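Just below is one structure, and these are the notes that go with it.
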There are 2 protein chains.
Amino acid sequence: MTLSEEDYIKAIYHLGKGDNVTVSTNAVAEQMETKPSSVTDMVKKLAEKGLVNYKPYKGVSLTEYGQKTALTLVRKHRLWEVFLVEKLDFSWDEVHDVAEQLEHIKSEKLIDSLDKHLGFPQVDPHGDPIPSKKGEFKKAIKKLLNEVPIGTSGICVGVKDSSPPFLKFLDKNKIALGDSILVLDKEEFDGSLHIQIKNNKIHISSQIATNLYLKITE
Amino acid sequence: MTLSEEDYIKAIYHLGKGDNVTVSTNAVAEQMETKPSSVTDMVKKLAEKGLVNYKPYKGVSLTEYGQKTALTLVRKHRLWEVFLVEKLDFSWDEVHDVAEQLEHIKSEKLIDSLDKHLGFPQVDPHGDPIPSKKGEFKKAIKKLLNEVPIGTSGICVGVKDSSPPFLKFLDKNKIALGDSILVLDKEEFDGSLHIQIKNNKIHISSQIATNLYLKITE
DNA sequence: ACAAATATTTAGTTTTGTCTAAAAATTAAT
DNA sequence: ATTAATTTTTAGACAAAACTAAATATTTGT
């Protein structure tokens, strides 16, 4: 597999959001920041190699082999992201470009050793699940903090309200993107929540909870 | 810099063994496992980019900029080797191919963080020195264990006698390639040595010492 | 159902890095 | 010092991956 082939496989995979649907040439072109004609060329090549199903004018989907390949790439990408954040103190938003390069390194032993070194993490710093060596993994969904049941844990991945006062509040309460959050309890009368965030227990109002996105894996 | 350009720069660097000498097209071709005509093409391109000095029929040498580039690559390669051995439990001889890939990853922050994470190592698992960020580094030389003065430390990198009995002896005494060795004392009457190897102090005969290579940095 | 709009493919180029075969320069040998 | 051997370069071609422009399918709107 060439670097470019791998990038296409990943793009097709991500367009399907994990489900193996058929995606259009144009969609792939946009995702890859390339021209539709280039996609047609590459997709033909991938079809010949057995990585995708392709019928002219009818779009592309991954074959089983293609899906396996995509999951391996996703696994590598996310493990490297964990490494960068946990071991090299990269921040949440600095990891992507480097992981994008690292995911193309070819060595099964490398990735298995890395997995072990990191303690077999289940999710990456964005809360997305890491496929196992065999390609099994749970799906992640994004929900507002107020919508999840008590006992749910996940990773804070975004805000609905990005106004300065809200962001200032988060900063003051040491809530940052990438933090893991556990919902401890909910007060019935006002919908406020008791949560545990990075080993601190805090109490937040319902207004706050309705503006924070949590990524959870079922 | 493309991947291929980087490989050529490294090849030219290694052919000069660190000193910046002029090397022949054919030598580069052999090192790179490619054809001389391909080398000519690439060398012209590198010359245009200011990385090498090139006069047709007269060979190539690195410019100052080329040397700096080569040292950065060497630094990256060796830091990754340390990482693979120290953190991921790769053995001495498994690291090269993977490091060869990892050295092409582009991120200054990555390599500086890695350096810090590894505790700013001075030498790689083969005993070769790691250039500093600015490109400074000491040279390594290979010597027989019996030839170095008391107090010298280095890394065991090879054997002169590779007969089974000798290798068996090394095994029994837990002396392996990649081990760091410190010469503690020398007995005058028989030339035998007291050495410290991986926190064990042992006594070895002169015959043993004359068959073990040590890599030392002055 | 047909024309217009949109999506996709084909055909023909370009760039990068490689190759082979032939030509030219350098080095070695008598 | 001239020829022979070797090294190096040039010229022309090829494969991969991209592009542009033109042609062809498909979808949409009336």
Side-chain angles (χ1 to χ4, degrees), chain A residues 1-16 21-63 66 69-70 73 97 100-101 103-106, chain B residues 1-16 21-63 66 69-70 73 97 100-101 103-106:
Chain A
M1 286 272 276
T2 68
L3 208 131
S4 192
E5 285 169 356
E6 291 189 343
D7 285 338
Y8 274 96
I9 292 297
K10 251 191 73 175
I12 295 166
Y13 175 83
H14 280 128
L15 283 170
V21 299
T22 297
V23 298
S24 76
T25 302
N26 258 16
V28 178
E30 196 176 331
Q31 173 87 7
M32 297 279 302
E33 296 183 13
T34 182
K35 302 289 166 182
S37 55
S38 307
V39 176
T40 304
D41 287 345
M42 180 55 90
V43 146
K44 280 181 185 168
K45 201 171 80 174
L46 294 174
E48 267 179 26
K49 291 197 173 189
L51 287 153
V52 302
N53 305 115
Y54 169 63
K55 289 268 177 208
Y57 296 102
K58 299 297 176 194
V60 232
S61 61
L62 295 175
T63 62
T69 304
L73 287 167
D97 292 343
E100 204 73 10
Q101 297 179 62
E103 76 190 2
H104 294 293
I105 304 290
K106 280 159 188 62
Chain B
M1 284 273 280
T2 69
L3 209 132
S4 192
E5 285 171 354
E6 291 190 343
D7 285 338
Y8 274 96
I9 293 295
K10 251 191 74 175
I12 295 166
Y13 176 84
H14 281 129
L15 284 170
V21 298
T22 297
V23 298
S24 77
T25 302
N26 258 18
V28 177
E30 197 176 331
Q31 174 86 7
M32 298 278 301
E33 294 181 20
T34 182
K35 301 290 167 183
S37 55
S38 307
V39 176
T40 304
D41 288 345
M42 180 55 90
V43 145
K44 280 181 185 168
K45 200 170 82 171
L46 295 175
E48 266 177 26
K49 291 197 172 188
L51 287 153
V52 302
N53 305 115
Y54 169 62
K55 289 269 178 208
Y57 295 102
K58 298 300 176 190
V60 233
S61 62
L62 296 174
T63 61
T69 304
L73 288 166
D97 292 344
E100 204 74 10
Q101 296 180 64
E103 75 190 3
H104 294 294
I105 304 291
K106 280 159 190 60

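Proteins come first, then strands; the chains are lettered A, B, ... in the order of their sequence lines, and each starts at number 1. Values below: every heavy atom of this structure, side chains too, minus hydrogens, waters and symmetry copies. Here the structure is a predicted model, which is why all the values come from computation and not from measurement.
A distance of 12.0 Å separates CG of B/L15 from NZ of B/K10, quoted to the nearest 0.5 Å. Considering OG1 of B/T2 and OH of B/Y8, their distance stands at 10.0 Å, rounded to 0.5 Å. With rounding to the nearest 0.5 angstrom, the OG1 atom of B/T63 is 7.0 Å from the CD1 atom of B/I9.
Summarising the geometry, the separation between CE on A/M1 and P on D/dA16 is reported as 15 Å, rounded to the nearest angstrom. Following rounding to the nearest Å, A/E48 (CD) and D/dA15 (P) show an atom-to-atom distance of 13 Å. For the pair B/D41 CG and C/dT20 P, the computed distance is 13 Å after rounding to whole Å. Look at CG on A/D7: it is 14 Å from C1' on D/dA16, rounded to the nearest Å. Regarding B/E6, its CD atom lies at a distance of 15 Å from the C1' atom of C/dT16, rounded to whole Å. Regarding B/N26, its CG atom lies at a distance of 15 Å from the C1' atom of C/dA24, rounded to whole Å. Counting to the nearest Å, the C1' atom of D/dT8 and the OH atom of B/Y54 are 7 Å from each other. Rounded to a whole Å, the NZ atom of A/K44 is 16 Å from the C1' atom of D/dA15.
Comparing A/T34 and A/K58 by the nucleotide of DNA chain D that holds the closest heavy atom to each, the one mapping nearer the 5' end is A/T34. In terms of position on DNA chain D, the residue among B/P56 and A/K35 whose nearest nucleotide sits closer to the 5' end is B/P56.
Of the side-chain N and O atoms in B/Y57, none sit less than 4.0 angstrom from OP1 or OP2 of D/dT10. For D/dA18, one of the phosphate oxygens OP1 or OP2 lies less than 4.0 angstrom from a side-chain nitrogen or oxygen of A/S4.
A salt bridge links B/E6 with B/K106: the closest approach of a Lys/Arg side-chain nitrogen to an acidic carboxylate oxygen falls below 4.0 angstrom.
The side chain of A/S38 lies closest to D/dA18 when the candidates are D/dA18, D/dT9, C/dT10. Taking the side chain of A/T40 as heavy atoms from C-beta on, and the options C/dT8, D/dT10, C/dT18, the nearest nucleotide is C/dT8.
Residue side chain A/S37 does not reach the base of C/dT8 through any donor-acceptor N/O pair under 3.5 Å, judged by distance alone.
Heavy atoms of other residues, nucleotides or ligands lying less than 6.0 angstrom from CD of B/E100 number more than 12.
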